Amino acid sequence: MSNQNVKTHRNFWESPWGYAESFFIGIGLILSGFAIEVVTTNSSLESIVFPYSIYLLVGYILLLITFYISGRNTLVVQWLIKIPASITSIVLITLLVMIMGIIPQTTSDSEFISSFGLNRITSNWAFLFILVFFLSCLGMVIINRIALFKWSDVGFVLNHLGLFIALIAGTFGIGDLQRMVIEVNENQANFIAVDKYKNEFDLDFAIYLEDFVREEYNPKIAIVDNNDGQIISNNGINSYLIIEGNTYSFKNYSIEIMDYLESAARFGDSYHRNNEIGSPPAVKIKVTNNDIGDQSVDWISCGSFTQQYLSYKLNAFYSIVMTIPEVKKFESNIQILTKDGERIPVKLEVNKPYTYEGWKLYQYGYDETKAKWSTKSIIELVRDPWLPFVYLGIFMMILGSVYIFWVGSKISGREVK
């Protein structure tokens, strides 16, 4: 073998791989992950729970450190530290995230999508492999900077270590994340929650529902096509809020809101106020045909689970209907019953969770068939013991950014002087 060939051979094995080799390895990891998805029904890290998640995490970090110490000058370690591997892992993660944004992450009727796990990217083996690829690059870069530490690297280490901690906590904590729902009826307590697989779990506390409240906006009136039931757009407006005394126009018709009843029952040809469960809103309208001056007065209602809806036939082509009232807000007045016999009163509103013993309680839903008369509240319970570490990572990234900005400002100040 000539000296030139020996030199070329040595450079090939001693120099870190570039973008071509990085993408080749990354795409190989993705294909391997999809292959595992096809032949297995296990969902990667979701089946790994505490304390095994801790064992796996500690083992992974020790493996990175050992690998760096024992082989920092090897091809693989040098490759993981360099830019091509990092850029490749970021690009491939972005690609999988784009797939997640395109394909709904719900149960799919497509055998192809379900087989390859494209409808559950975050628990897909392909995503896991690429994420570990990225974390390994990130981890090796952090270890290398710490090993060659200089005070000028403080911001860099804080930023990258914060990102590493946040991603590690989010990845290795997947199996420990608990998300369940509990249904509670008014004047009853329940301590049995159900997960997405319909498995039941006994909680250490019970939830007692005192009252469920749903507030609604006034309903609207709309014009629909008698043939297909589609709402007709009137000068770009599909519906009109019902406000007593207002008049709305449609083609050669004028529609006046004469009387509005928030809760009513039908008696004969008219509606009267009624506060019984299931009493829907009703409105008296006066319709005027402006071409001939003809007028007609009648009632319409959106109906409910106890009463039928009632519309007004404007002519052979169109009818006037009342839409279902839109929800303004809904909330549950509950009590948390502890093992010690304590009753903790809580008002649970949408987007205003309550935290109790590591659980976050969210107002999730209600019996929509009964709308505002629902006596059932559906509450979501979420517990993520790894979440504080995610917050820690985010805080470190912010701290690192502030430090870099502060140091940069000082350097710029000295340069100006």
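None of these values were measured; they are calculated from a predicted model.
- Aromatic ring centres of F149 and W151 lie closer together than 6.0 Å.
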CA sep, side-chain torsions, deciding dist, call: K329, E331, salt bridge (charged side-chain N to carboxylate O under 4.0 Å, His left out)
CA-CA 7 Å; K329 72 172 186 177; E331 61 188 28; 3.7 Å; yes
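- A cation-pi contact links R145 to F156, judged by a cut-off of 6.0 Å to the six-membered ring centre and 45° from its axis.
- Taking CG of L209 as the start and CD1 of I379 as the end, the distance is 7.0 Å to the nearest 0.5 Å.
- Salt-bridge formation is detected for the pair R214/E216: a Lys NZ or Arg NE/NH1/NH2 atom is positioned less than 4.0 Å from an Asp or Glu carboxylate oxygen.
- Using the six-membered ring where Trp is involved, Y55 and Y52 have ring planes that are perpendicular, over 60° apart on the 30 and 60° scheme.
- Proximity of the aromatic rings of F205 and F191 is defined here by a centroid distance below 6.0 angstrom, and this criterion is not met.
- Here the closest non-hydrogen pair linking P388 and D384 is CD-O, 4.0 Å.
- The aromatic rings of F330 and F212 sit tilted, their planes meeting at an angle between 30° and 60°.
- Between F34 and F116, the angle of the ring planes goes over 60°, which puts this pair in the perpendicular group of the 30/60° scheme.
- Separation of atoms CD1 (I142) and CG (N159) is listed at 10.0 Å; rounding is to 0.5 Å.
- Using a 4.0 Å cut-off between charged side-chain N and carboxylate O, K360 and E380 make no salt bridge.
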Assess the residue pair Y253 and Y248 against the criterion (ring pair (Phe, Tyr, Trp, His ring centres under 6.0 Å)); give the C-alpha distance rounded to whole Å, side-chain angles, the decisive distance to 0.1 Å, and a yes or no.
CA-CA 8 Å; Y253 293 95; Y248 308 105; over 10 Å; no
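- In this pair, F172 and Y60 present their aromatic rings tilted. The plane angle is within the 30 to 60° band.
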